[in-house]
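Down below is the structure, laid out as structure tokens.
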Amino acid sequence: MEVTPAEKAEWVRRFNDSGFSLRKFSEQYGLRLSSLWQWSSKYSSADVKPPNTPAFVEVQLRPALASEPAWSVELAFANGNILRMCGEVPAGMLQQVLSVC
């Protein structure tokens, strides 16, 4: 089966985000180890960006939450995104925020 350059780049992005070794990632997704190795050599993580991924997503907060001056929780994701929350955050809003991280 022919794999397009865009698909190869997407596999490299997924591999880079996974934190797995080449062997473990290729076994988990049924890819040939040598193919994934070649793709990761050709497509650097700087060149690979998922399509239609916003660089910043604004989440509207209630005025009571937005006025609190300091954050009390910080989550750093493997993909480089950082989520900071302050005060009480309703469960629904937390789900919405986590869905874009």
Quiz item: If you measure from CZ on Arg32 to CH2 on Trp39, what distance do you get to the nearest 0.5 Å?
Solution: 8.5 Å

Quiz prompt | Parallel, tilted or perpendicular, as decided by the 30° and 60° cut-offs, for the rings of Phe25 and Phe20 | solution = tilted

Self-check item: Nearest heavy-atom neighbours spanning Glu7 and Glu2
Solution: OE1-O, 4.1 Å

Self-check item: Shortest non-hydrogen contact between Leu33 and Ser26, atoms and distance
Solution: CD1-OG, 3.7 Å

Quiz item: In Å, rounded to the nearest 0.5 Å, how long is the span from OG of Ser18 to CZ of Arg13?
Solution: 10.5 Å

Self-check item: CG-OG distance between Leu22 and Ser34, expressed to the nearest 0.5 angstrom
Solution: 10.5 Å

Self-check item: Check ion pair Glu27-Lys24 (N to O, under 4.0 angstrom)
Solution: no

Exercise. Examine Tyr29 together with Trp11 and report whether their ring centres are nearer than 6.0 Å.
Key: yes

